[in-house]
Amino acid sequence: MKTPARILVPVDGSVGSDKAVGMAVMLAQAVGAVLDILYVSYFDRATDDTAEQVSWLPDSVVGSSGRASKAILDHAASLVPPDLRVECHVVTGVPARKIIAFAEEKGDAMIVVGGRGLGLMEGFLLGSVSQAVMENAKGTVVVVK
């Protein structure tokens, strides 16, 4: 395995993503990598039909989504020591797909993702972002529990 230049850690504000940030920080410090913190939102203003003048998303939804993504990124960034280079990003779409696409854009960055600890049945019924990322990413994926 080659030394990663970048380490991607997707966050969602959960305890699992906080643990993933901690592991990503340790790995980034050990190899001198840049840490990318990514939040994936299912929707924002960009998901509106731009041909229509009236938004289907009320301001209360878009505004709260924007505030939530900022709060989640700010919290994750606060877990990173100041001597480590970190970049925060927000994208919109299906989380597993966007995480994989982002890693590929960054040169197949290593991905460190938190696992929710779903059992086999719950994971099958609810879906698991960490499972989808692990199965479909081209690069190295570390799942932190």
Side-chain angles (χ1 to χ4, degrees), residues 1-52 55-59 61-81 84-145:
M1 176 173 68
K2 66 179 184 174
T3 302
R6 302 187 83 91
I7 296 176
L8 169 60
V9 59
V11 296
D12 62 5
S14 68
V15 172
S17 72
D18 285 356
K19 289 179 181 179
V21 171
M23 176 62 74
V25 163
M26 288 191 318
L27 292 168
Q29 287 175 323
V31 299
V34 174
L35 185 61
D36 287 298
I37 299 175
L38 177 68
Y39 178 77
V40 182
S41 175
Y42 278 105
F43 51 81
D44 63 10
R45 277 279 176 239
T47 58
D48 274 351
D49 181 1
T50 56
E52 296 292 324
S55 172
W56 68 273
L57 291 171
D59 286 335
V61 171
V62 175
S64 64
S65 176
R67 285 188 299 277
S69 64
K70 181 176 178 353
I72 290 168
L73 284 174
D74 287 349
H75 170 71
S78 76
L79 303 174
V80 179
L84 190 61
R85 185 168 163 219
V86 63
E87 296 177 13
C88 295
H89 313 271
V90 177
V91 296
T92 304
V94 178
R97 290 182 190 160
K98 289 298 183 173
I99 292 165
I100 293 166
F102 189 92
E104 289 174 3
E105 282 175 28
K106 297 294 183 180
D108 288 327
M110 173 187 280
I111 303 170
V112 179
V113 63
R116 291 190 299 177
L118 297 177
L120 184 60
M121 185 55 75
E122 291 89 352
F124 174 74
L125 294 173
L126 299 174
S128 169
V129 171
S130 58
Q131 183 72 26
V133 169
M134 190 172 57
E135 289 177 1
N136 296 296
K138 293 179 183 174
T140 303
V141 178
V142 176
V143 179
V144 180
K145 288 179 69 176

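This one's a predicted model, so the numbers in the text were calculated from it and none came from an experiment.
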> Hey, what do you get for NZ (Lys98) to CD (Glu105), rounding to the nearest 0.5 Å?
Replying inline: 8.0 Å
> What pair of heavy atoms forms the shortest contact from Val34 to Arg85, and how long is it?
Replying inline: CG2-NH1, 3.4 Å
>> For a quick test of reading the model, state the closest non-hydrogen atom pair linking Gly114 to Ala20 and the distance between them.
In response: N-CB, 3.5 Å
> Take atom CE in Met134; do more than 12 heavy atoms of anything else shown fall under 6.0 Å from it?
Replying inline: yes
> To the nearest 0.5 Å, how far apart are CG in Leu38 and CG in Asp12?
Replying inline: 11.0 Å
> Nearest 0.5 Å, what's the CD1-CD1 distance between Ile37 and Ile72?
Replying inline: 12.0 Å
>> For a 4.5 angstrom cut-off between non-hydrogen side-chain atoms, does Leu79 reach Asp18?
In response: yes
> Do you know which two heavy atoms are closest between Cys88 and Ala77, and how far apart they sit?
Replying inline: SG-CB, 4.1 Å
> Out of curiosity, Ile99 CD1 to Tyr39 OH, how far, rounded to the nearest 0.5 Å?
Replying inline: 11.0 Å
>> If you compare all heavy atoms of Ile100 against all heavy atoms of Ala132, which two are closest, and at what distance to 0.1 Å?
In response: CD1-O, 4.0 Å
>> On a heavy-atom basis, which atom in Pro95 and which in Val129 lie closest, and how many Å separate them?
In response: CB-CG2, 4.0 Å
> Are any of the side-chain heavy atoms of Pro10 and Val40 separated by less than 4.5 Å?
Replying inline: no
>> Can you tell me how far apart CG (Leu35) and CG (Leu27) are? Round to the nearest 0.5 Å.
In response: 9.5 Å
> Can you tell me how far the CG atom of Asn136 sits from the CD atom of Gln131, to the nearest 0.5 Å?
Replying inline: 9.5 Å
> In chain order, what residues pass the salt bridge (Lys or Arg N to Asp or Glu O under 4.0 Å) check against Glu135, with sequence neighbours excluded?
Replying inline: none
>> Taking side chain to side chain contact (heavy atoms under 4.5 Å, CB included) as the criterion, tell me which of Val11, Val144, Val143 meets it with Val113.
In response: Val143
>> Side chains of Lys106 and Asp36, heavy atoms from C-beta outward: is any pair under 4.5 Å?
In response: yes
